Structures are given as C-alpha cells and as structure tokens.
2 protein chains.
Amino acid sequence: MERLSFLLKQTSALVERAIEPGLARAGINGREFGVLTLVDAEGPASQQWLAGRIGVDRTTMVALIDALEEKRLVRRRRDPSDRRAYLLEATSAGRKTLRNARKAVELGEQQALASLTATESATLKQALQRLAQAQPPGT
Amino acid sequence: MERLSFLLKQTSALVERAIEPGLARAGINGREFGVLTLVDAEGPASQQWLAGRIGVDRTTMVALIDALEEKRLVRRRRDPSDRRAYLLEATSAGRKTLRNARKAVELGEQQALASLTATESATLKQALQRLAQAQPPGT
DNA sequence: TATTGTTATACTCTATAACTATA
DNA sequence: TATAGTTATAGAGTATAACAATA
C-alpha cells in the first residue's frame, strides 16, 4: 500500500497537469482561476479577504490581482465605506474567461479521472468534500 | 460542488500539515521521508535514478542526499561497475528513523482522515491508488 | 562523445518589515 | 493606534548551463 500522503500529492499534480493546458488556452493559470472563481462567486471582496480565503499572505495577493486587472478580468473599485480597501469584482470579460476556463477544467478533470469507474470517481469526490467541509475554509 | 482540483490540493496540504510535526520529531521532512523510503525499499540506487522516481532534476537530488548523508541516514558508496555513479543505501540509523517516521505518518494520516468513515477512507485510498497505477512512476 | 555527480546561477513563489493613506 | 494595500527584500525550492571524472 502506497502512502496516502504520496498518493494525494501525486494525484493533485496529475490533475493540475491535465488542467493547465486548457486554462492556458483561456488565458489564465490555476491560481488565477481560483481567485477569479472566488471573486465571481463571493465578490465584491477586499484583497485581504480573498487572501484569507485561499490561504496566502495579503502581500502575495497584490501581484495576483495586478495580473488579473492588467488582463481586464477583474476591476479594483474603492470601498466607499472604507477607502483603504478595494471592492474587487469580475468584469464581463472576466466572467466570460471564467466560463471558458470552467469548461476546460471540467474536461481536464474528466481526462485525469478517466481510469476510474463512475462510482469510484463519485466516491472520491464525496470523500474529498467531506474532508474539506470538516476543515475551516482558507487552510 | 467544489472543484476536484481544489479539493485535491487542499486535502493534500491538510494531510501534509498533519504529518509534518511527527516527521520533524523523527528528524526529517516530507521530501526526505520520500527519498529515504525509496532508498530503503528499492535501493541501492543512483542519485539520478532516485531523481527520476520522485520527479525532480538530478541537480536537486544532490542537496537532498547531502542532508540525509550528513544526518547519517543514507550512505554514498561508489558503484564498482560504474565509478561515476553512487549506490545509495540506508544506514541502520536511517532504517530506524524510517520506522519511527512511518509510525508518525500513519498516525498523522489517520488524524487527517478522522472525519471519514472507515468505508469512505478505504474507498478514497483505493481510488487514489487506481489513479497512481494508471500513471507512469515519477510523474 | 556521452553520462554521473557537482557547482554557479537564475527564476519562481512566498512571507516579513516598513511605508502610505485611511480609519 | 490600527488596518488595507503596497513595496523592498530575503528565503525556500527549483531548473539550466558548464565542469570534472569516468564511461
């Protein structure tokens, strides 16, 4: 029996490799896909809140948002109620990119899991979701 | 439904965090545990072969083996049949460390999976193993 | 000529400390 | 005084290029 920790790391890398080319065609990378998804689903939000959600420092979030803003996928608006903070939101181009990226990711994930039966694949997802729910978000 | 790629990355990090303290008590880190496991199970082996197995460059392997050798956990012997290469092998201290580390890892993994039922946990491992077997090693 | 291990070096990713503007 | 965002900088981890010893 191979170590669970190895298998998880390996599988995570496997799925990421399967997804990357599709995301690249959509014009973003995995990290940006994560941020864009979060901004679209739970925004408008501050950089610090986003940083907390994905578990990176707020200083790391700066360059990440810089890149997304330069591609016109997110917009920085000042929060009127606290002019130190931004309210980040997805642009319409950002939402369009997100739709394309999501399709690419779904396809990549399917390919990566191709050697599993439908039942195995579903059970895998269920177990991972159970574990994620048992953890506080952003960890 | 959260994205599978996110869940995998998150869970991998979760398990790694659960394991790290135990490994640290044994005197090694996750990467070293991987190399030591491989040397013990499939050695004696060359640095380049090991590098290929865990998917890093041979230049990266140098410092990794340096650290393990400095702790007297592995030994570099010249390969008599090819004096450019080493035959790396675990020392008895290395095997002892490995036994301790393995216990710590098993405990950490159990803790990380504590919120799953025994069935879920077993199915998770099975699915991950199926995926790993479908992939060439060292990827 | 090719290959193993090695070093120097550069690149990426990340966080810590210190700054600014606001609160 | 404290906080959001920013910058400079330093540390980890990694790979590429070039070298010595050996094949």
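Convention: sequence-line order gives letters A, B, ...; per-chain numbering from 1. The shown structure was predicted, so the numbers you read here are calculated from the model rather than taken from an experiment.
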Asks: How bent is the helix from dT1(C)-dA23(D) to dA23(C)-dT1(D), comparing axes over its five end pairs at each side, to the nearest 10°?
Replies: 10°

Asks: If you look at every strand shown and take non-hydrogen atoms under 4.0 Å, does D82(A) touch a base, only sugar-phosphate, or nothing?
Replies: sugar-phosphate

Asks: Once you round it to whole Å, what is the distance between P of dT7(D) and CD1 of I65(A)?
Replies: 14 Å

Asks: Tell me the interatomic distance from Q47(B), atom CD, to dA15(D), atom P, rounded to whole angstroms.
Replies: 14 Å

Asks: So, does T37(B) use its side chain to make a donor-acceptor pair with the main chain of F33(B) at under 3.5 Å?
Replies: yes

Asks: Are the side chain of E69(A) and the backbone N or O of D66(A) linked by a donor-acceptor pair below 3.5 Å?
Replies: no

Asks: Within the 3.5 Å criterion, strictly below it, is a donor on E16(A) or S5(B) matched to an acceptor on the partner's side chain?
Replies: no

Asks: Please state how far atom CZ in R58(A) lies from atom P in dA8(D), giving the value in whole angstrom units.
Replies: 16 Å

Asks: On DNA chain C, reading 5' to 3', which nucleotide is the first and which the last to sit with an atom under 4.0 Å from a heavy atom of chain B, could you check?
Replies: dA2(C) to dT7(C)

Asks: What heavy-atom pair brings A26(B) and N100(B) nearest, and what distance separates the two atoms?
Replies: CB-CB, 4.4 Å

Asks: Is R83(B) touching bases, backbone alone, or none of the nucleic acid, heavy atoms closer than 4.0 Å?
Replies: sugar-phosphate

Asks: Without swapping roles, check the side chain of T11(A) against the backbone of L7(A) for a donor-acceptor pair under 3.5 Å.
Replies: yes

Asks: Among residues 19-46 of chain B, which ones have heavy-atom contacts with DNA chain D below 4.0 Å?
Replies: R31(B)

Asks: Rounded to whole angstroms, how far apart are OH on Y86(B) and P on dA23(D)?
Replies: 13 Å

Asks: Any luck finding a side-chain donor-acceptor pair between Y86(A) and R78(A) under 3.5 Å?
Replies: yes

Asks: Rounded to whole angstrom units, what separation is found between the CG atom of D79(A) and the P atom of dG5(D)?
Replies: 9 Å

Asks: Just how far, in rounded Å, is C1' of dT6(D) from CG of D57(A)?
Replies: 12 Å

Asks: How long is the gap from CD on E32(A) to CG on L64(A), to the nearest 0.5 Å?
Replies: 6.5 Å

Asks: Would you say T91(B)'s side chain and R72(B)'s backbone share a donor-acceptor pair under 3.5 angstrom?
Replies: yes

Asks: S81(A) or T59(A): which one's nearest nucleotide on DNA chain C is closer to the 5' end?
Replies: T59(A)

Asks: Nearest 0.5 angstrom please: L88(A) CG to D40(A) CG, how far?
Replies: 12.5 Å

Asks: Rounded to whole angstrom units, what separation is found between the CZ atom of R76(A) and the C1' atom of dG5(D)?
Replies: 8 Å

Asks: Tell me, do R58(B) and Q47(B) make a side-chain contact under 4.5 Å, heavy atoms counted?
Replies: no

Asks: If each of M61(A) and V56(B) is mapped to the nucleotide of DNA chain D with the nearest heavy atom, which maps nearer the 5' terminus, i.e. the 5' end?
Replies: M61(A)

Asks: To the nearest angstrom, how far is Q48(B) atom CD from dA23(D) atom P?
Replies: 15 Å

Asks: Within the supplied structure, the quantity of interest is the number of heavy atoms (other residues, nucleotides, ligands) at a distance under 6.0 Å from R76(A) CZ; does it exceed 12?
Replies: yes

Asks: Does the pair E2(B)/K125(A) count as a salt bridge with the N-to-O cut at 4.0 Å?
Replies: no

Asks: Tell me which nucleotide among dA23(D), dA18(D), dT3(D) gets nearest to the side chain of R84(A).
Replies: dT3(D)

